[in-house]
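See structure below.
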Amino acid sequence: MLKFSSSTSFRLTSQKRISLWLLAVISSEEKVLKEISFNFCNDQELLKVNQEFLSHDNLTDIITFDYSDPSGIMGEVLISTERVKDNALDFDQLFDVELRRVMVHGVLHLCGYKDKSDDEKILMTKKEDFYLSRYV
């Protein structure tokens with residue numbers, strides 16, 4: 001099950017379409033979905049989580065909490081829509097495309113992909129690009 005909530009005025013458009021796409025990503029990665037909650041928030045909310053739970057004192061666009069077990073993937077994906085908007089401008093990208101990139105990034109983390117090393121970042125970006133190209 002995919003869940004979507006927001007603590008701001010942001011509302012996810014094309015929720016059904018995005019859900020079907022993310023379910024296809026999970027299936028392609030040969031994973032079983034238990035539950036993923038996407039929570040859309042602002043910079044300050046995500047900064048507070050970053051400081052409290054990860055001891056990081058910087059803004060970020062996404063934080064993923066992985067609660068997966070052998071029976072399937074489960075987790076929380078927190079996304080700052082303010083960061084996504086700024087990143088879309090920085091990368092000369094549409095907001096909706098950048099948002100999908102961040103959402104699939106969180107799903108890929110729950111599927112087991114990391115992005116700490118340079119090689120891991122390269123693979124993660126390739127996976128994001130691959131799945132973004134399959135969004136219909």
Side-chain angles (χ1 to χ4, degrees):
M1 171 188 306
L2 296 174
K3 294 182 178 181
F4 305 95
S5 65
S6 177
S7 61
T8 68
S9 62
F10 173 80
R11 296 294 170 256
L12 182 64
T13 58
S14 305
Q15 185 173 315
K16 183 174 177 91
R17 187 173 171 198
I18 288 173
S19 294
L20 291 172
W21 171 64
L22 291 174
L23 290 169
V25 169
I26 293 164
S27 178
S28 293
E29 291 295 325
E30 300 181 355
K31 301 293 182 183
V32 174
L33 174 65
K34 288 176 77 172
E35 183 176 306
I36 301 173
S37 295
F38 289 90
N39 302 298
F40 302 99
C41 58
N42 62 34
D43 279 344
Q44 288 308 308
E45 289 172 293
L46 203 52
L47 176 61
K48 184 177 177 184
V49 171
N50 212 8
Q51 292 167 332
E52 185 175 337
F53 292 97
L54 302 175
S55 299
H56 297 158
D57 194 23
N58 60 293
L59 296 174
T60 186
D61 52 1
I62 183 172
I63 295 175
T64 304
F65 292 103
D66 189 351
Y67 310 128
S68 301
D69 62 32
S71 68
I73 63 170
M74 186 163 73
E76 280 183 272
V77 179
L78 290 81
I79 297 173
S80 168
T81 55
E82 291 175 327
R83 277 305 91 224
V84 171
K85 183 178 178 183
D86 286 350
N87 288 346
L89 291 172
D90 290 345
F91 300 130
D92 194 28
Q93 189 60 262
L94 295 173
F95 172 83
D96 289 344
V97 174
E98 187 64 20
L99 180 62
R100 287 193 302 271
R101 178 178 296 281
V102 172
M103 292 177 77
V104 78
H105 182 91
V107 168
L108 289 169
H109 272 308
L110 295 173
C111 289
Y113 293 92
K114 307 291 183 217
D115 61 0
K116 295 297 180 198
S117 73
D118 288 343
D119 287 344
E120 290 171 336
K121 287 177 187 175
I122 290 168
L123 178 58
M124 180 71 89
T125 301
K126 283 182 181 179
K127 285 282 186 176
E128 291 167 6
D129 290 343
F130 174 78
Y131 287 119
L132 282 169
S133 73
R134 272 133 185 90
Y135 180 78
V136 292

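These values consider heavy atoms only, across backbone and side chains, with no hydrogens, waters or symmetry-generated copies.
Side chain of Ser80 to backbone of Arg83: a donor-acceptor contact under 3.5 angstrom is found. When atom types are taken as modelled, the side chain of Glu29 and the backbone of Ile26 share no donor-acceptor pair closer than 3.5 angstrom. Side-chain atoms of Glu82 come within 3.5 Å of backbone N or O of Asp43 as a donor-acceptor pair.
Taking the six-membered ring where tryptophan is involved, the planes of Phe95 and Phe10 are perpendicular, since the angle between them exceeds 60° and thus also 30°.
Follow the hydrophobic side-chain contacts under 4.5 Å out from Met124 and you reach Val77 in the same cluster. Under the 4.5 Å side-chain heavy-atom criterion for ILVMFWY residues, a single connected hydrophobic cluster contains both Phe40 and Ile62. Taken together through direct or relayed side-chain contacts under 4.5 Å among Ile, Leu, Val, Met, Phe, Trp and Tyr, Val84 and Met103 form part of one hydrophobic cluster. Tyr135 and Phe130 fall within a single hydrophobic cluster, where Ile, Leu, Val, Met, Phe, Trp and Tyr are joined by side-chain heavy atoms under 4.5 Å apart, directly or via other members. Taking hydrophobic clusters as Ile, Leu, Val, Met, Phe, Trp and Tyr residues chained together by side-chain heavy-atom distances below 4.5 Å, Val32 does not share a cluster with Leu110.
For the pair Lys127/Val104, no side-chain contact is recorded, criterion being any heavy-atom separation below 4.5 Å from C-beta on. Within the 4.5 Å cutoff, the side chain of Val97 has heavy atoms near those of the Arg100 side chain. Between Ser7 and Asn42 the shortest side-chain heavy-atom distance does not fall below 4.5 Å. Thr60 places none of its side-chain heavy atoms less than 4.5 Å from the side chain of Leu47. Using a 4.5 Å cut-off on side-chain heavy atoms (C-beta onward), Leu2 and Ile18 make no contact. The shortest side-chain heavy-atom distance between Arg134 and Val25 does not fall under the 4.5 Å cut-off. The closest side-chain heavy-atom distance from Leu108 to Tyr131 is below 4.5 Å.
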Worksheet item: side chain to side chain contact (heavy atoms under 4.5 Å, CB included) between Leu12 and Phe38: does it pass, once the steps are laid out?
Response: CA-CA 10 Å; Leu12 182 64; Phe38 289 90; over 6 Å; no
Discussion item. Go through it in stages, so that I can follow the logic: the residues are Ser117 and Asp119, the test is side-chain hydrogen bond (donor to acceptor under 3.5 Å, both in side chains), and I'd like the CA-CA distance, side-chain angles, deciding distance and then a yes or no.
Written reply: CA-CA 5 Å; Ser117 73; Asp119 287 344; 5.5 Å; no
Item to complete: For the pair Leu78 and Phe53, evaluate side chain to side chain contact (heavy atoms under 4.5 Å, CB included) and give the outcome as yes or no after the intermediate values.
Response: CA-CA 13 Å; Leu78 290 81; Phe53 292 97; over 6 Å; no
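Residues that satisfy the ring-ring contact (aromatic ring centres under 6.0 Å, His included) test with Tyr113, not counting sequence neighbours, are absent from this structure.
Of all non-hydrogen atoms in Lys3 and Met1, the two that sit nearest each other are CE-SD, 3.3 Å.
For Asp118, the CG atom counts as loosely surrounded, since its 6.0 Å shell holds 12 or fewer non-hydrogen atoms of other residues, nucleotides or ligands.
Rounding to the nearest 0.5 Å places NE2 of His56 at 12.0 Å from CG of Leu46. Atom NZ of Lys85 is separated from atom CG of Asp90 by 12.5 Å, given to the nearest 0.5 angstrom. With values rounded to the nearest 0.5 angstrom, Thr81 atom OG1 is found 9.0 Å from Glu45 atom CD. Rounding to the nearest 0.5 Å gives a distance of 10.5 Å between CG of Asn39 and CZ of Phe4. One finds the CG atom of Leu94 at 10.5 Å from the CG atom of Leu89 (value rounded to the nearest 0.5 Å). Between the NZ atom in Lys34 and the OH atom in Tyr67 there is a gap of 13.0 Å [rounded to 0.5 Å].
Results of the side-chain contact (heavy atoms from CB on, under 4.5 Å) test with Val107 over Leu23, Ile36, Leu33 single out Ile36 as the only residue that passes. Tested against Arg101, the residues Asp129, Asp61, Asp96 include a single salt bridge (Lys or Arg N to Asp or Glu O under 4.0 Å) partner, Asp129.
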